[in-house]
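One-based numbering, in listed order, for ligands and for the atoms of each.
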Amino acid sequence: MAIGMEHLLDLESLSEEDLTLILDTARSFREVIDRDIKKVPTLRGITVVNLFYEPSTRTRISFELAEKRLSADTVSFSSSSSSVQKGESLKDTVQNIEAMRTDMVIIRHTSPGAAYFLTQSCDSKVINAGDGAHEHPTQGLLDIFTIRERYKRIKGLRVLIVGDIKHSRVARSNIWGLKRLGAEIVVCGPSTLLPYEVEKMGVEVYTDLDDALEGVDVVNILRIQRERQDTGYFPTLREYTRLYGINKERVKRLNPGFTIMHPGPMNRGIEITVDVAESCDSVILEQVTNGVAVRMAVLYLLMEKDAEALDNGEIV
Ligand code: CP
């Protein structure tokens with residue numbers, strides 16, 4: 001079955017069928033990356049450009065590894081060491097890179113809509129690696145994949161997302177993807193860090209964390225963006241930790257067999273205590289491992305739509 005889209009820009013517009021196809025394909029690639037030889041020739045001859053206009057550790061390395069594991073040729077671009085510093089626009093940058101005969105562009109950018117903008121200005125397949133506070137679809141997919149691996153289902157699970165929902169592209173991608181697959185979503189944070197009319201996204205909303213934790217299977221803890229401490233969203237980090245920090249007392253309220261997740265980077269001791277982050281209920285590093293498999297699946301499925309671009313169109 002071919003995927004129903006040309007690019008991966010968000011999870012809001014993804015159908016249940018496409019989400020399931022990506023997750024099922026990622027399962028096959030997870031087996032590939034657990035082998036001694038973690039490489040397949042699936043994207044031989046395809047050139048992928050990683051355009052990063054914002055810092056990243058996990059997403060950038062994960063995409064680069066996914067591309068290499070699929071035998072694609074890869075080029076990585078960082079805006080801080082490029083002609084962007086001389087004033088070159090995003091459109092000119094991507095058109096110049098594409099003139100060197102590239103096939104796919106992975107973009108992380110501070111502006112919501114940057115990935116969509118690229119689809120209007122170049123011919124490459126585009127994957128959104130995080131656009132401002134809009135979406136981070138591959139993070140959402142790897143979170144959903146990790147949950148599905150653990151529970152063998154998504155439907156009926158109650159998933160709590162805690163923290164700065166307002167500025168979080170990870171929260172948005174998780175909400176859209178998990179809801180599409182039948183999970184119940186709860187969000188919790190200070191009212192200043194909840195988007196206006198967030199309940200219209202079809203989520204339950206709490207400002208009291210102890211209430212929000214009751215009956216929950218999975219907690220996804222967002223990074224508190226420390227740079228916002230002086231912007232009036234919350235008084236002090238200490239107060240944030242007291243009201244919204246996940247610790248070993250609080251997790252006792254969760255359903256048996258609960259799961260702790262965090263997309264990273266973590267502020268240990270602020271939104272999550274070290275003992276919870278490193279407990280056997282935490283899948284934080286498993287999320288990172290699964291990220292490579294999920295990104296391999298997305299790269300493969302988008303290129304497979306143009307089957308003649310691939311040698312054989314199959315995972316080997
Ligand atoms: N989760 C995530 O996007 O991490 P990076 O910012 O390190 O890519």
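By the 30° and 60° cut-offs, the orientation of the rings of H167 relative to Y233 is perpendicular.
Within the listing of ligand 1, atoms 5 (P), 7 (O), 8 (O) sit less than 4.0 angstrom from a heavy atom of T57. Close contacts of ligand 1 with Q139, meaning ligand atoms under 4.0 Å from a residue heavy atom, involve 1 (N), 2 (C).
A salt bridge does not link K68 to E64: none of the charged nitrogens lies less than 4.0 Å from a carboxylate oxygen.
Of the protein's non-hydrogen atoms, the one nearest atom 2 (C) of ligand 1 is T59 OG1, 3.5 Å. Distance from atom 6 (O) of ligand 1 to its nearest protein heavy atom, with residue and atom name: R108 NH1, 2.9 Å. Scanning all protein heavy atoms for the shortest distance to atom 4 (O) of ligand 1 gives R58 NE, 3.0 Å. In terms of protein heavy atoms, atom 1 (N) of ligand 1 is closest to P263 O, 2.9 Å.
Residue contacts with ligand 1 include G264, since one or more of its heavy atoms lies under 4.0 Å from the ligand. Not a single heavy atom of E54 sits closer than 4.0 Å to an atom of ligand 1.
Annotation: cation-pi geometry satisfied between R60 and F52 (NZ/CZ under 6.0 angstrom from ring centroid, within 45° of ring axis).
Results of the side chain to side chain contact (heavy atoms under 4.5 Å, CB included) test with L299 over V294, I106, T138 single out I106 as the only residue that passes.
Atoms OG1 and CG, from T59 and N128 in turn, are 10.5 Å apart once rounded to the nearest 0.5 Å.
No side-chain heavy atom of N50 sits less than 4.5 Å from a side-chain heavy atom of V75.
Checked against the 6.0 Å centroid criterion, the rings of Y53 and F77 qualify as a close aromatic pair.
By the 3.5 Å distance cut-off applied to N or O atoms, P265 is not counted among the residues near ligand 1. Taking any N or O of H136, backbone or side chain, at least one lies under 3.5 Å from an N or O belonging to ligand 1.
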